[in-house]
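One structure below.
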Amino acid sequence: MALLTKAPRGMQDILPKDVSRWQQMEEMLRLTAEVYGFGEIRTPTLEHTELFARGVGEGTDVVQKEMYTFAAKEDSPSLTLRPEGTAGVVRAALENNLLADALPQKLYYFTNCYRYEKPQAGRYREFHQFGIELLGSPLPYADAEVIALGQSVLDTLGIKDVTLEINSIGCPQCRPAYHKALKAYFESRRDALCPTCQERLTKNPMRILDCKNKECIAIAKDAPVGLDYLCGECTDHFATLKELLTSCQIAFTVNPKIVRGLDYYTKTVFEFVTQSIGAQGTVCGGGRYDGLVEELGGPSTPGLGFAMGLERLLLVLAAQKEDRFAPEDGCDLYIVTMGDAATKRAAVLAHLLRQNDYAVETDLMNRSLKAQMRYANKIGARYTMVLGENELATGAAQLKEMATGETTPVDLNLTFLEDISNKLDQPHREEFENMIGDILDDILRENESSQYLQ
RNA sequence: GUGGGUAUAGCUCAGUCGGUUAGAGCGCCAGAUUGUGGCUCUGGAGGCCGUGGAUUCGAAUUCCACUAUCCACCCCA
């Protein structure tokens with residue numbers, strides 16, 4: 001095991017046996033987002049460091065200690081691997097004048113994100129997000145639509161045991177008063193707080209509400225509630241959102257303790273949380289960020305969005321018993337060969353069938369018949385066909401359905417195949433291919449239709 | 001950044017009080033009257049016991065350091 005090196009810490013390979021789960025999940029997410037009127041945007045993995053410093057917030061943990069920041073050359077600008085998706089999308093929207101178009105702008109994206117953290121269950125240094133951003137609407141209808149999309153996505157994926165928690169953290173008008181009240185409350189009880197919370201007292205008192213320490217929970221229980229300090233506009237906004245969610249029959253609980261760790265959030269914040277995958281149970285997190293666009297140099301424009309952690313979604317699905325994204329075996333036909341002549345012809349036949357969209361495999365290892373059969377069984381081939389001296393001589397072969405063991409005779413014009421091998425580059429190639437495709441067409445018809453089911 | 005657990009075959013793990021050729025199951029490869037998979041049986045390949053030190057006649061086993069990994073805190077998706 002003297003490997004030269006391994007994947008960087010907290011980063012993982014996605015292997016063929018797992019990749020179909022990703023693909024199916026991504027496809028469902030795309031469809032749902034597009035039903036809600038969102039269009040995909042793709043932005044660079046790297047951004048100028050100041051985008052995140054300003055957008056996410058200088059004081060946040062993400063910016064202070066979790067970013068991969070570097071300069072490619074000595075005096076080139078500082079770049080950062082994106083730790084989240086929103087800042088880059090908003091930057092792209094501004095740079096490409098998307099906000100000059102009809103509003104709202106509704107964007108969705110898949111990104112790989114990077115945070116230099118200590119890995120644990122559901123937390124990686126490279127992770128993948130599906131996210132959406134809705135730019136331009138200040139109204140709670142937008143909040144409701146975004147949350148509804150989040151719920152809809154989870155439903156479509158069949159994710160259970162997830163609860164929606166919402167809160168409002170107010171706007172720049174009403175938040176200072178709350179902070180002041182909160183600080184005063186905890187300051188008077190400072191000695192009873194745990195050490196980390198004593199630090200939080202100066203840094204971010206709202207975080208104390210989230211502490212899991214027993215004493216802190218007891219103290220926080222009677223702390224001022226942020227919702228009581230909202231200004232009139234924020235109160236109305238939140239009330240309308242709750243009304244809309246209720247009307248849409250989207251279950252939620254108001255959790256005054258939800259405080260997001262990124263500075264750009266205002267008013268509505270929400271999380272979809274699960275208990276089934278360990279301590280990192282937030283499967284989707286988001287909220288409103290009415291000040292962000294302006295902060296990045298754009299016109300004053302409200303917005304909101306969310307991000308889902310794809311690894312966490314898959315963890316939840318794995319924790320549920322049924323595996324709805326189980327990979328399907330992809331081999332329609334395995335051609336077992338015996339002898340050089342048959343192997344060469346099988347290669348040509350496989351080539352032609354593949355060009356007619358059949359998944360065909362044949363021996364590349366010079367293995368025995370028995371070994372080839374075993375292999376065909378292992379990869380889940382639906383049919384096998386032995387090609388040996390007898391078949392070459394008679395032009396007749398047996399097609400075996402692996403699930404049942406039944407065989408049916410196939411008439412293979414082997415002379416014809418031989419001609420094909422010489423004419424692959426000739427003008428009539430397509431005609432020949434089609435004829436060969438027809439040979440197994442009726443036998444494989446069932447599988448053809450099943451290819452398009454999902 | 002803080003704390004705890006773990007590190008033996010491709011995978012999941014045994015390995016006694018330190019004792020000489022290092023074990024199982026699964027997986028992989030190959031056979032079981034010579035052209036048909038799954039089940040069963042038999043055999044085979046595959047290990048610097050994470051790395052480096054220390055103790056000892058002798059270390060997978062004890063001690064130290066490092067690294068990796070897992071879990072939790074923190075933070076977040």
Side-chain angles (χ1 to χ4, degrees), chain A residues 1-3 5-10 12 56 59-67 82-86 110-131 150 194-197 199-200 203-204 207 210-213 258-262 265 269-274 277-287 305-316 334-339 342 365 367-391 397-407:
Chain A
M1 254 262 274
L3 295 181
T5 183
K6 296 186 197 171
R9 184 169 196 191
Q12 46 190 216
V56 176
T60 60
D61 276 14
V62 169
V63 169
Q64 278 190 345
K65 46 189 198 188
E66 295 175 2
M67 296 205 304
R82 61 181 161 213
E84 56 95 53
T86 300
F110 291 92
T111 58
N112 43 353
C113 296
Y114 302 85
R115 291 184 198 170
Y116 194 90
E117 299 188 271
K118 233 174 152 178
Q120 66 185 73
R123 191 171 77 186
Y124 311 98
R125 288 186 171 182
E126 180 187 54
F127 60 100
H128 297 78
Q129 287 188 339
F130 163 75
C194 73
T196 36
C197 278
E199 283 176 36
R200 286 168 173 148
K203 196 173 137 197
N204 188 353
R207 280 260 147 231
D210 215 11
C211 186
K212 273 127 199 159
N213 181 292
I258 290 189
V259 183
R260 317 243 65 237
L262 309 181
Y265 286 113
V269 291
F270 61 92
E271 292 182 0
F272 288 93
V273 185
T274 179
I277 59 169
Q280 310 301 321
T282 301
V283 123
C284 172
F306 67 66
M308 290 185 173
L310 299 187
E311 283 85 355
R312 289 184 188 176
L313 291 179
L314 286 170
L315 283 175
V316 177
Y334 186 97
I335 304 172
V336 176
T337 63
M338 303 185 68
M365 303 290 289
R367 278 192 279 217
S368 70
L369 180 146
K370 179 170 278 194
Q372 290 184 51
M373 287 300 293
R374 260 200 290 264
Y375 181 73
N377 182 63
K378 185 182 159 67
I379 65 175
R382 282 183 265 276
Y383 292 89
T384 53
M385 181 177 73
V386 175
L387 210 57
E389 284 175 19
N390 295 348
E391 287 76 15
Q398 295 290 320
L399 193 71
K400 180 173 185 174
E401 183 176 9
M402 294 298 273
T404 62
E406 287 170 15
T407 58

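So you know, we letter chains A, B, ... as the sequences are listed, proteins then strands, and number each from 1. What you see below is based on every heavy atom in this structure, not just the backbone, and it leaves out hydrogens, waters and symmetry mates. Here the structure is a predicted model, which means the values were calculated and not measured.
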Nucleotide [N], atom [atom2] - distance to [atom1] of [X] in whole Å:
{"X": "A:I277", "N": "B:C70", "atom1": "CD1", "atom2": "C1'", "value": "16 Å"}
{"X": "A:K65", "N": "B:C73", "atom1": "NZ", "atom2": "P", "value": "14 Å"}
{"X": "A:D61", "N": "B:A77", "atom1": "CG", "atom2": "C1'", "value": "15 Å"}
{"X": "A:R9", "N": "B:C66", "atom1": "CZ", "atom2": "P", "value": "14 Å"}
{"X": "A:I258", "N": "B:C75", "atom1": "CD1", "atom2": "P", "value": "14 Å"}
{"X": "A:E117", "N": "B:C70", "atom1": "CD", "atom2": "P", "value": "14 Å"}
{"X": "A:I379", "N": "B:C28", "atom1": "CD1", "atom2": "C1'", "value": "16 Å"}

Please name the pair of heavy atoms, one in [X] and one in [Y], separated by the smallest distance, quoted to 0.1 Å.
{"X": "A:P119", "Y": "A:R125", "value": "CD-NE, 4.2 Å"}
{"X": "A:I335", "Y": "A:Q372", "value": "O-OE1, 4.0 Å"}
{"X": "A:H128", "Y": "A:E311", "value": "ND1-OE2, 2.7 Å"}
{"X": "A:Q280", "Y": "A:G122", "value": "CB-O, 4.0 Å"}
{"X": "A:G10", "Y": "A:Y124", "value": "O-CB, 3.3 Å"}
{"X": "A:C113", "Y": "A:G85", "value": "SG-N, 4.3 Å"}

Rounded to whole angstrom, note down the [atom1] distance from [N] over to [M].
{"N": "B:G46", "M": "B:A22", "atom1": "P", "answer": "14 Å"}
{"N": "B:C13", "M": "B:C71", "atom1": "P", "answer": "13 Å"}
{"N": "B:G5", "M": "B:G10", "atom1": "P", "answer": "28 Å"}
{"N": "B:U61", "M": "B:G4", "atom1": "P", "answer": "22 Å"}
{"N": "B:U34", "M": "B:A45", "atom1": "P", "answer": "26 Å"}
{"N": "B:U62", "M": "B:C28", "atom1": "C1'", "answer": "37 Å"}
{"N": "B:A59", "M": "B:U67", "atom1": "P", "answer": "26 Å"}
{"N": "B:A24", "M": "B:G43", "atom1": "P", "answer": "11 Å"}

Checking side chain to side chain contact (heavy atoms under 4.5 Å, CB included) for the pair A:V316/A:V283: CA distance, chi angles, key distance, verdict?
CA-CA 9 Å; A:V316 177; A:V283 123; 3.7 Å; yes

Using a heavy-atom cut-off of under 4.0 Å over every strand shown, decide if [X] touches base, sugar-phosphate, or nothing.
{"X": "A:C113", "answer": "nothing"}
{"X": "A:V283", "answer": "sugar-phosphate"}
{"X": "A:A279", "answer": "sugar-phosphate"}
{"X": "A:G278", "answer": "sugar-phosphate"}

Taking the minimum atom-to-atom distance to the side chain of A:Q120, which one of B:C70, B:C71, B:C29 wins?
B:C71

According to the interplanar angle, ranging from 0 to 90°, do the rings of A:F130 and A:F110 count as parallel (below 30°), tilted (30 to 60°) or perpendicular (above 60°)?
tilted

Given that both pair distances must be under 3.5 Å and the pair must be Watson-Crick or G-U, what runs of three or more consecutive pairs involve RNA chain B?
B:1-7 with B:67-73, B:10-13 with B:23-26, B:28-32 with B:40-44, B:50-54 with B:62-66

Side chain to side chain donor-acceptor pair (under 3.5 Å) involving [X] - partner list, sequence neighbours excluded:
{"X": "A:E126", "value": "A:Y114"}
{"X": "A:E66", "value": "none"}
{"X": "A:T337", "value": "A:T343"}

Protein within reach of the bases, or only the backbone? For nucleotides 34-39 of chain B, mark each nucleotide 5' to 3' as B, S or -, using heavy atoms under 4.0 Å.
-BBBB-

Look for any protein N or O under 3.5 Å of an N or O in nucleotides 2-4 of chain B and output each such pair with its distance, or none.
unit_1: B:U2; atom_1: O4; unit_2: A:K118; atom_2: NZ; d: 3.1

Has A:R123 got a side-chain N or O lying under 4.0 Å from the OP1 or OP2 atom of B:A77?
no

Name the residue closer to the 5' end of RNA chain B, choosing between A:R312 and A:G10 according to the nucleotide with the nearest heavy atom.
A:G10

Need to verify one output field. Residue with the more 5' nearest nucleotide on RNA chain B, A:Q280 or A:R125?
A:Q280

Only one of A:V386, A:T384, A:N377 passes side-chain contact (heavy atoms from CB on, under 4.5 Å) with A:Y334, and that residue is A:T384

For A:R82 and A:N112, run side chain to side chain contact (heavy atoms under 4.5 Å, CB included): C-alpha distance rounded to whole Å, both residues' side-chain angles, the deciding distance at 0.1 Å, then the answer.
CA-CA 8 Å; A:R82 61 181 161 213; A:N112 43 353; 2.8 Å; yes

